[in-house]
Amino acid sequence: MTEQVRVRFAPSPTGHLHIGNARTAIMNWIFARHSNGVFVLRVEDTDMERSSEVSEKSILQDLRWLGLDWDEGPEVGGEYGPYRQSERLDLYKKYTEQLLKSGHAYHCYCTPEELEAEKKQALAAGAPVMYSGRCRTLTQEQKQRFEAEGRKPVVRMKYPEQPLSFTDLVKGELSFPPESNGDFVIVRADGVPTYNFAVVIDDGLMRISHVVRGNDHVSNTPRQLAVYHALGWNLPAFAHIPMILGPDRTRLSKRHGATSVDMYAQQGYLPEALINFLSLLGWSSESGDEILSVQRLIEEFDFSRVSKSPAIFDVEKLNWMNGVYIRETDPARLAELCLPYLKKAGYKLPEQPVLEKIVAAVAKSMERLEDVIARAELFFTDDIQPENEEAARFLNKETTQKVFWSFLRQLDRIEVLNADTFRKIMKTVGQETGVIGKDLWMPVRIALTGQAHGPELPAVVEIFGKQRCYRLIKSRIIE
RNA sequence: GGCCCCUUCGUCUAGUGGUUAGGACUCAGGACUUUCAUUCCUGCAACAGGGGUUCGAAUCCCCUAGGGGUCACCA
């Protein structure tokens, strides 16, 4: 029987959920759901300086917003906990001692200053930059002398002298010669383990079957292999997914604009759209389809279709895709989603049915939910004025006044004004005045909305109602 | 600089020895329409370069160039 698939997403709580990390989380989650496996969330907070509870909270919130639920981890528990590295220190200690005893690791007393000097020298000489390993052979006396000086040692792993290799699910066979790494620190002077050590202990103990992570971790992998081997543990499968780059082909960062999930959420990107878009950065459906539901992503996901090369984050395409999702959203939910933005704009909100109509009227031209503020403004202001010269010109056409007069006459004869009756009115106005096309519609549009471009007039008019339309047209009549 | 990896339209990608190199976004043009938007149609646009292997290479091998990653008591 095949072993249960267990994957993990292991963010460090040092800020918001980054777009790149979000994509990693998404692929892990999708793969877990695809395989009927377990999705573990583990908080890598061994960097005491930079980690914070606030960050952890926000990352958890962003994951939930995306719809990525975890089966084990903070706030849900699980049998392989605890799920914060800061709460697993005794575990790391146990295995550190084991490695020390077995001779795979040793104490190193070099000071940061000494290391820095060594590094500078190597750099100047054009030699490879790595630790010399000189503390490997310290005698008892030397160690005691360092201790007496008050030096706190770190623990270093002896990097093996054989090539280290593994098979990556997306990149294939990968091999690293011994000279590609030196002895690396696994426990800091303060006793806290470093990433490359803790990650192995945790993945091993948590029975992680597939390590799915960003390509920036490829070069870390041989160091981790060394730990696995020293411990005599079985290797998980590795899958290194391509990185996400900015338009300038460098690592996606603040310079490129919004880089965290919460910023996209704020601007009004839908979680489904973000999931869909991010999934397609480095993966493609065999069908060639691009608009893919979460359900389909789960069904179709496969590492064999993950690309090896980095992908550039293209906001234009995200915008398009988000627009597709907005247009597919039913009016009730869309109204609900737009509500926070309308409130923020300070608009006086109407009844739910009217709100839904407003949102539906402008939805076609929206790429982000925040667009609703500008698009729907005309429904929330009483002061309708031509927005520019182009608009004002239609008001001054010689045929305009008779169109308005006719329009008001027709309006008087109607009970309720809705999209249908409005169309009928316009038809009659056209016949009565002999004015057609733009000259007929534009003056009405400008008088009612102030804008030469905007949502379909019948929809606008239905939302406005008879009173408001009457008033607005009347106000444009020159006696 | 050492080590590892990558390279198809501007961008995301399909493609696993024989295709008019396909799709999507963007852009341009057109149709629809009272405007914008939506929708639909059409078009522009790519195998980094050079050597091999082969009857035949985007597909296999080598070299060059370009790009990315990493070399922390960050993760």
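Remember, predicted model here, so these are calculated numbers, not experimental data. Just so we're on the same page: letters track the sequence lines, and every chain starts at 1.
At a cut-off of 3.5 angstrom, counting only N and O atoms as typed in the model, there is a donor on one side and an acceptor on the other between the side-chain of A:Asn220 and the base of B:A75.
Remark: A:Arg251 is in phosphate contact with B:U70, judged by side-chain N or O atoms under 4.0 Å from OP1 or OP2. Residue A:Arg249 has no polar side-chain atom (N or O) positioned under 4.0 Å from OP1 or OP2 of B:C6. Distances shown here put a side-chain N or O of A:Arg305 below 4.0 Å from the OP1 or OP2 atom of B:G15.
No contact: A:Arg375 has no heavy atom under 4.0 Å from any strand. Within the 4.0 angstrom heavy-atom criterion, no nucleotide atom of any strand lies near A:Gly182. At the heavy-atom level, A:Ala311 lies under 4.0 Å from the strands shown only through sugar-phosphate atoms. Looking at heavy-atom distances under 4.0 Å, A:Thr221 makes no contact with the nucleic acid at all.
Note on A:Asp420 versus A:Arg423: salt bridge recorded, some NZ/NE/NH1/NH2 to OD/OE distance being below 4.0 Å. At a threshold of 4.0 Å, the pair A:Glu118-A:Arg134 counts as salt-bridged, since one of the basic side-chain nitrogens sits closer than that to a carboxylate oxygen. Taking 4.0 Å as the cut-off between side-chain N and carboxylate O, A:Glu116 and A:Lys119 do not count as a salt-bridged pair.
RNA chain B is contacted by both A:Phe176 and A:Ser284; A:Phe176 maps to the nucleotide lying nearer its 5′ end (nearest heavy atom per residue).
The side chain of A:Asp314 lies closest to B:U11, out of B:A24, B:C71, B:U11. With B:U34, B:C73, B:C25 as the candidates, the nucleotide lying closest to the side chain of A:Lys317 is B:C25.
Taking the C1' atoms as reference points, B:A46 lies 12 Å from B:U11, given to the whole Å. A distance of about 33 Å separates the P atoms of B:A37 and B:C47, rounded to the whole Å. The separation of B:G68 from B:A48, taken at their C1' atoms, amounts to 16 Å, rounded to a whole angstrom. Between B:U59 and B:C3, the two C1' atoms lie 28 Å apart (nearest whole Å). Look at the P atom in both B:C6 and B:C61: the space between them is 11 Å, to the nearest Å.
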Open item on the list: Applying ring-ring contact (aromatic ring centres under 6.0 Å, His included) to A:Phe313 and A:His256, what does each step give before you reach the verdict?
Closed with: CA-CA 9 Å; A:Phe313 189 88; A:His256 300 113; 9.4 Å; no

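At a cut-off of 3.5 Å, with distance as the only test, no side-chain donor of A:Ser58 or A:Ser55 sits close to an acceptor on the other residue.
Applying the 5.5 angstrom centroid cut-off and the 30 degree plane-angle cut-off, the aromatic ring of A:Trp320 is not stacked upon the base of B:C25.
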